[in-house]
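Just so you know, residue 1 is the first one in the sequence shown, and it goes up from there. The structure presented is a predicted model; accordingly, all values stated were derived computationally and were not measured. Both backbone and side-chain heavy atoms feed into the values below; hydrogens, waters and symmetry mates do not.
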Amino acid sequence: MSLAVSAQDAVLSLVPQICVLAAEESRCRDSIKLVWEAPAAQDLCLYVNDRDDPLTCWHAQTRGEHHYQADTEESLHFHLRPESGAAPKASALFAVVRETSQYRQRRRNPWSFF
């Protein structure tokens, strides 16, 4: 399953799209596969969060793939945009969530037979 978000004329998808941290874990360490497609050849770069330096760039391509090794405590926002800094063509979210244990209240007392 992948999460794909398109903006304008490109689609960016990633697998996996979520990392669930157990109570004793503090960081998500996972390999993320990012794939993008566009109907026409474009010069695009892949960015993570608000960093100025691109992870990788493609020139005159209609499709691209990148593997990113995540080591993070927070969710990651990936953006596909021209290197010139124009508006993103597509974006996708890698969500980091923490597992929480829910304590349910019993509906009856343990000594009740009914």
Side-chain angles (χ1 to χ4, degrees):
M1 184 174 190
S2 68
L3 175 68
V5 179
S6 68
Q8 297 179 0
D9 57 351
V11 175
L12 176 64
S13 60
L14 54 89
V15 176
Q17 62 187 6
I18 190 168
C19 178
V20 180
L21 295 176
E24 67 276 0
E25 294 178 311
S26 63
R27 300 187 72 77
C28 178
R29 293 175 179 88
D30 209 346
S31 179
I32 305 169
K33 178 181 176 183
L34 297 111
V35 178
W36 68 270
E37 290 186 44
Q42 300 182 41
D43 294 340
L44 296 172
C45 293
L46 180 66
Y47 295 86
V48 63
N49 292 341
D50 293 327
R51 296 188 188 147
D52 291 331
D53 54 328
L55 298 174
T56 189
C57 292
W58 297 270
H59 299 285
Q61 299 290 317
T62 58
R63 184 179 190 286
E65 183 177 310
H66 181 75
H67 293 271
Y68 181 80
Q69 189 60 45
D71 184 4
T72 183
E73 296 176 351
E74 302 296 326
S75 296
L76 300 173
H77 298 270
F78 292 94
H79 306 280
L80 192 63
R81 61 182 166 88
E83 198 170 12
S84 62
K89 298 284 185 178
S91 62
L93 173 69
F94 176 74
V96 176
V97 295
R98 290 172 179 20
E99 185 179 84
T100 58
S101 58
Q102 301 269 336
Y103 294 100
R104 296 185 334 175
Q105 289 185 346
R106 295 181 64 110
R107 294 181 182 255
R108 60 187 175 137
N109 291 328
W111 60 85
S112 174
F113 295 111
F114 302 101

Of all residues at least two apart in sequence or in a different chain, which pass the side chain to side chain donor-acceptor pair (under 3.5 Å) check with Q42? D9
Would you kindly confirm whether V48 and L46 end up in one hydrophobic cluster when ILVMFWY residues are joined by side chain heavy atoms under 4.5 Å apart? yes
Drop me the distance from S13's OG to L34's CG, to the nearest 0.5 angstrom. 8.0 Å
Applying side-chain hydrogen bond (donor to acceptor under 3.5 Å, both in side chains) as the test, list every pair that has at least one member in residues 31-41; sequence neighbours left out. none
Which atom pair, heavy atoms only, marks the closest approach of A90 to A10? CB-O, 3.6 Å
Using the side-chain hydrogen bond (donor to acceptor under 3.5 Å, both in side chains) rule, collect all pairs that involve residues 46-63, keeping only residues at least two apart or in two chains. none
Drop me the distance from D43's CG to C57's SG, to the nearest 0.5 angstrom. 9.0 Å
List, by chain and number, the other hydrophobic cluster members for V20, where Ile, Leu, Val, Met, Phe, Trp and Tyr join if side-chain heavy atoms come within less than 4.5 Å, directly or indirectly. I18, V97
Locate the shortest heavy-atom distance separating A86 from R81; write the atom from each residue and the value. O-CD, 3.4 Å
Going only through I, L, V, M, F, W and Y residues with side-chain contacts under 4.5 Å, is there a path from I32 to L21? yes
In a table with atom names and distances, give each donor-acceptor pair under 3.5 Å that connects a side chain of residues 65-78 to protein atoms at least two apart or in another chain.
{"residue": "E65", "atom": "OE2", "partner": "H67", "partner atom": "NE2", "Å": "3.1"}
{"residue": "Q69", "atom": "NE2", "partner": "D30", "partner atom": "O", "Å": "3.4"}
{"residue": "D71", "atom": "OD1", "partner": "R27", "partner atom": "NE", "Å": "2.8"}
{"residue": "D71", "atom": "OD1", "partner": "R29", "partner atom": "NE", "Å": "3.4"}
{"residue": "T72", "atom": "OG1", "partner": "E74", "partner atom": "N", "Å": "3.0"}
{"residue": "T72", "atom": "OG1", "partner": "E74", "partner atom": "O", "Å": "2.9"}
{"residue": "E73", "atom": "OE2", "partner": "R27", "partner atom": "NH1", "Å": "3.3"}
{"residue": "S75", "atom": "OG", "partner": "V96", "partner atom": "N", "Å": "3.0"}

A40: what forms a side-chain contact (heavy atoms from CB on, under 4.5 Å) with it, not counting sequence neighbours? none
